[in-house]
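Bear in mind that the values here come from a model prediction, so they are computed numbers and not experimental data. The chain is numbered in sequence order, starting from 1. Only heavy atoms go into these numbers, but all of them, side chains included; no hydrogens, no water, no symmetry mates. Both ligands and their constituent atoms are indexed starting at 1 by order of listing.
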Amino acid sequence: MGRADERAEALRNHFDGKVALVTGAASGIGRALAAELIDRGATVVVSDVDQPGVLAVAEALERVTGGTDAVPSRAIAAVLDVTDADDVAELVARTARDHGGIDFVFNNAGIGIGGPVSDLSLAHWQRVLDVNLWGVINGVHAAYPIMIAQGHGHIVNTASLSGLLPSPLLVPYSTTKHAVVGLSVGLRMEAAEHGVKVTAVCPGVIETPLLDKRNPDDLPATDSPDIRAMLTALVGQPYPAASLAADVLDGVARNRALIVTPGHARRAWAAYRVSPQLLVTQGADRMRKALRGAQSRHA
Ligand SMILES: NC(=O)c1ccc[n+]([C@@H]2O[C@H](COP(=O)([O-])OP(=O)(O)OC[C@H]3O[C@@H](n4cnc5c(N)ncnc54)[C@H](O)[C@@H]3O)[C@@H](O)[C@H]2O)c1
C-alpha cells in the first residue's frame with residue numbers, strides 16, 4: 001500500500017467504532033453525513049424534526065449496517081427539534097449514556113429564508129435565527145460539558161459559504177451562518193485546552209432539497225427568490241451531497257478549523273479575501289443579472 005492509500009485509510013478509520021449524533025439528518029447534507037459516518041464504521045443517532053423522514057432514513061441505513069438481534073444497529077432514529085434546548089440536552093445526554101460516550105456531534109439542521117430584507121417580517125428573522133443559530137447553540141451547550149468531562153470529543157457545525165461572504169437576498173440566513181463560523185472558531189480556541197475539537201463546515205452550493213424550498217408557508221408571504229437559479233449563477237453548479245459528506249469527514253479527521261468545499265466555494269472565498277470591494281461591486285451586478293434570468297425562466 002502506498003503513502004496516499006495509507007493516509008486515505010487512516011482518514012476513514014478515524015470514525016470506526018465511534019459514536020456520532022447528526023441533526024437535520026432526514027434530508028440532504030445531514031442524511032449524507034449519517035450515511036458516510038455509517039460507511040466509515042460509526043454508530044449514528046440520526047435525528048430530525050421530520051419524524052417520517054428520519055424513520056425512513058434510519059431504516060435505510062440500518063439495512064446497510066445489517067442490524068439484527070445479535071448485532072446492534074448502527075443507525076438509531078430520534079425525533080428532535082433543535083430549537084428545543086431541553087430536548088437537545090436530553091438526546092445528547094441519552095446518547096452518551098447509552099453508548100458509553102459521544103465522540104461527534106454534527107449540528108447540521110438548518111433552513112433557508114430568502115427575499116429582500118425590505119420584504120421580511122421579524123417572524124422571518126426569528127425563525128431562521130431560532131433554527132440556524134439557536135439550534136447550533138443548543139447542540140454546543142448540550143455536548144460541550146459532556147465532552148469536557150470525557151476529555152475528548154468533536155463538535156462539527158454546518159455553517160455555509162454564506163457564513164464567509166456577503167449574501168444578498170439571503171441576509172438573515174447569512175447572518176446566522178456568520179455567527180456559526182464565529183461561534184465555532186472562537187470556541188475551538190477555548191476548547192483545545194479541554195481536549196475538545198470544534199470545526200465549522202462552509203459548503204458552497206450543494207445538491208439538496210434546500211435549493212428548491214421556498215420560505216415556510218406559515219410565515220407572511222414574500223417574493224422569495226429562486227435560490228437554485230441564483231446560487232448556481234453566482235457561485236457554481238451544485239455539488240453532490242455525498243461528495244460533500246466525504247470531504248467533511250476527511251476534514252474532520254484532519255481536525256480542520258474550517259472546511260470550505262467544493263472548489264467553487266474556495267475560489268469565491270479567496271476572491272473575497274483578495275478584494276472584498278471588488279466582490280461586493282461585481283456580486284451586486286451579477287446578483288441583479290442572475291435574478292433577472294431566474295425571473296424570466298419562471299415567468
Ligand atoms: N444545500 C446547500 O447548498 C447548503 C449550502 C451551505 C450550507 N447548507 C447548510 O446545510 C445544512 C443542511 O441543509 P440541506 O441543504 O441538507 O437542507 P435540507 O432541507 O435538505 O435538510 C435540512 C434538514 O433539517 C431539518 N430541520 C429543519 N428544521 C429543523 C429543526 N428545527 N430541528 C431539527 N431538524 C430540522 C429538515 O427537516 C431537513 O431534514 C443547513 O444548515 C444548511 O444551511 C446547505
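- Here is the list of ligand 1 atoms found below 4.0 Å of a heavy atom in L80: 32 (N), 33 (C).
- I111 CG2, 3.8 Å is the protein heavy atom nearest to atom 27 (C) of ligand 1.
- Between A75 and I38 the shortest heavy-atom distance is CB-CD1, 3.7 Å.
- Set against the non-hydrogen atoms of L211, the atoms of ligand 1 under 4.0 Å away are 3 (O).
- Using a 4.0 angstrom heavy-atom cutoff, K213 counts as in contact with ligand 1.
- With hydrophobic clusters built from ILVMFWY side chains whose heavy atoms lie under 4.5 angstrom apart, V49 does not share a cluster with V88.
- Atoms of ligand 1 lying under 4.0 Å from at least one heavy atom of P203, given by number and element, are 5 (C), 6 (C), 7 (C).
- Residue contacts with ligand 1 for K177 involve side-chain atoms from C-beta outward but no N, CA, C or O (heavy atoms, distance under 4.0 Å).
- Between L33, V49, V79, L170, it is V49 that holds the heavy atom closest to atom 35 (C) of ligand 1.
- Atom 24 (O) of ligand 1 has its closest protein heavy atom at G24 CA, 3.5 Å.
- Side chain of H124 to backbone of P220: a donor-acceptor contact under 3.5 angstrom is found.
- Looking only at protein heavy atoms, the nearest one to atom 3 (O) of ligand 1 is I206 N, 2.8 Å.
- Distance from atom 9 (C) of ligand 1 to its nearest protein heavy atom, with residue and atom name: T158 CG2, 3.6 Å.
- Atom CZ of R273 has more than 12 neighbouring heavy atoms from other residues, nucleotides or ligands inside a 6.0 Å radius.
- Polar contact with ligand 1: present for I29 (N/O pair, distance under 3.5 Å).
- The aromatic rings of F104 and F15 sit tilted relative to each other, their planes meeting at an angle between 30° and 60°.
- Under the 4.0 angstrom criterion for non-hydrogen atoms, A159 is in contact with ligand 1.
- Applying the 4.0 Å criterion to heavy atoms of G28 picks out, from ligand 1, the atoms 16 (O), 20 (O).
- No single ILVMFWY cluster, assembled from side-chain heavy atoms under 4.5 Å apart, contains both V260 and L11.
- Contacts with ligand 1 closer than 4.0 Å are made by side-chain heavy atoms of T208 only, the backbone lying farther away.
- Among all protein heavy atoms, the one lying closest to atom 11 (C) of ligand 1 is N108 O, 3.1 Å.
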Report task. Apply salt bridge (charged side-chain N to carboxylate O under 4.0 Å, His left out) to the pair R40 and D250, showing each step before the final yes or no. Result -> CA-CA 11 Å; R40 297 189 186 200; D250 287 352; 2.9 Å; yes
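- Atom CH2 of W134 sits in a sparse spot, with 12 or fewer heavy atoms from other residues, nucleotides or ligands closer than 6.0 Å.
- Residue-ligand proximity: C202 is placed with every non-hydrogen atom at 4.0 Å or more from ligand 1.
- Geometrically, ligand 1 and A25 share no nitrogen or oxygen pair separated by less than 3.5 Å.
- For H152, the NE2 atom counts as densely surrounded, since its 6.0 Å shell holds more than 12 non-hydrogen atoms of other residues, nucleotides or ligands.
- In this comparison of L231, D48, D50, the heavy atom closest to atom 36 (C) of ligand 1 sits on D48.
- Under the 3.5 Å distance criterion, the side-chain polar atoms of S174 are left unmatched by any main-chain donor or acceptor of L170.
- Side-chain atoms of K177 come within 3.5 Å of backbone atoms of T158 as a donor-acceptor pair (strictly under, hydrogens ignored).
- Considering backbone and side-chain atoms alike, V82 places an N or O below 3.5 Å from some N or O of ligand 1.
- Of the protein's heavy atoms, L210 CB, 3.4 Å lies nearest to atom 17 (O) of ligand 1.
- Using a 4.0 Å cut-off to heavy atoms of D81, the atoms of ligand 1 that qualify are 30 (C), 31 (N), 32 (N).
- Residue-ligand proximity: G135 is placed with every non-hydrogen atom at 4.0 Å or more from ligand 1.
- Without hydrogens or angle criteria, T23 side chain to A109 main chain gives a donor-acceptor distance under 3.5 Å.
- When S27, S160, G204 are ranked by how near their heavy atoms come to atom 5 (C) of ligand 1, first place goes to G204.
- Applying the 4.0 Å criterion to heavy atoms of V205 picks out, from ligand 1, the atoms 3 (O).
- Of the protein's non-hydrogen atoms, the one nearest atom 42 (C) of ligand 1 is Y173 OH, 3.5 Å.
- Between the K18 side chain and the H14 main chain, a donor and an acceptor come within less than 3.5 Å of each other.
- Under the 4.5 Å side-chain heavy-atom criterion for ILVMFWY residues, a single connected hydrophobic cluster contains both V82 and I155.
- Looking at atom 22 (C) of ligand 1, its nearest protein heavy atom turns out to be G110 O, 3.8 Å.
- Under the 3.5 Å distance criterion, the side-chain polar atoms of T261 are left unmatched by any main-chain donor or acceptor of P203.
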